[in-house]
Structure formats: structure tokens, C-alpha cells
Amino acid sequence: MKKIIIILSLSFILNISFAKDIVKGIGISKCLTFNNSEAEEKIVYISWMAGYITSHNILKKSVHANNVSYDRTQIWLEYYCFKNPNKNFKDAVSAYINEFTKN
């Protein structure tokens, strides 16, 4: 729990220092940081991802990445981030949306 509070605090600080950027918070962290996080810390990343996808769904007026389990999502993100450690987490989420959205 202590780690989650620290991560949320860092997310708030990053939001202030990168206020001019479109994507804020955990989305600007590197994939390497996500992969090096412990399982309970990854919940914060997945929560950020859920909010990002919800916002994307509202703005695009469609449903993206529907009916994909939490475990499959985490495994997919870990694999993507392993292959792309220097990409931002937001880039991983965008790739996830492209992968799991039916056209």
C-alpha cells in the first residue's frame, strides 16, 4: 500500500511538472519502469490505462479493447514493454488499443 501511495504522489508531481504536455502522469513513464514494477504497483498502471481507454472511447465515440481480461492485458503490456523499454507507457497503451480493437 505504501508503494501505491508513493506512485500516486509521483504521478501528481509529474502532472504538475509536465502540465504543458497532453499526456500526463504514468503515461509519460517509460515501459522499463512498468516492467520493473511489482505486481501491486502495476495495478496503478492498469488503472491509468483504463481511464485513458475510457477517455479514448468517449472522444472517438466507439469502444476499444473490449472483453480483454486483466491478466491478458498485463501479459501483453509486459511483453510489449520488454520489447520496447524506452517507449512511453502511453505508447504501449496506444499499441494495445490498436491490437485489440476490431475494425
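Note: hydrogens, waters and symmetry copies are ignored here, and every other heavy atom, side chains too, is used. Numbers here simply count residues along the sequence, with the first being 1.
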Notebook entry, point to check: Quick one: salt bridge (charged side-chain N to carboxylate O under 4.0 Å, His left out) partners of Glu78, sequence neighbours excluded?
Noted result: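 Glu78 satisfies salt bridge (charged side-chain N to carboxylate O under 4.0 Å, His left out) with Lys42 once adjacent residues are dropped.
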Hydrophobic clusters here meaning ILVMFWY residues chained together by side-chain heavy-atom distances under 4.5 Å, can you tell me if [X] and [Y] are in one?
{"X": "Leu77", "Y": "Leu32", "answer": "no"}
{"X": "Tyr70", "Y": "Ile97", "answer": "yes"}
{"X": "Ile53", "Y": "Val68", "answer": "yes"}

Nearest heavy atoms of [X] and [Y], plus distance in Å:
{"X": "Asn35", "Y": "Phe82", "result": "ND2-N, 3.0 Å"}
{"X": "Trp76", "Y": "Ala92", "result": "CZ3-O, 3.5 Å"}
{"X": "Asn88", "Y": "Ile28", "result": "OD1-O, 3.3 Å"}

Qualifying residues under side chain to side chain contact (heavy atoms under 4.5 Å, CB included), relative to [X], sequence neighbours excluded:
{"X": "Ser94", "value": "Tyr52, Lys90"}
{"X": "Ser69", "value": "Asp71, Arg72"}
{"X": "Ala50", "value": "none"}
{"X": "Asn84", "value": "Tyr80, Lys87"}

Notebook entry, point to check: At what distance, to the nearest 0.5 angstrom, does CD1 of Ile43 lie from CD of Glu38?
Noted result: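 Reported value, rounded in 0.5 Å steps: 11.5 Å.
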Next item on the list: Measure from the side-chain N and O atoms of Ser37 to the backbone N and O of Thr33, and report whether any donor-acceptor pair falls under 3.5 Å.
Entry: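 Here the side-chain-to-backbone pair exists.
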Notebook entry, point to check: Parallel, tilted or perpendicular: which describes the rings of Phe89 and Phe34, with under 30° parallel and over 60° perpendicular?
Noted result: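 Plane angle between 30° and 60°, so tilted.
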Next item on the list: Evaluate the side-chain proximity of Val93 to Tyr45: yes if any heavy-atom separation is below 4.5 Å, no if none is.
Entry: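 In short, these two side chains do not touch, never coming nearer than 4.5 Å.
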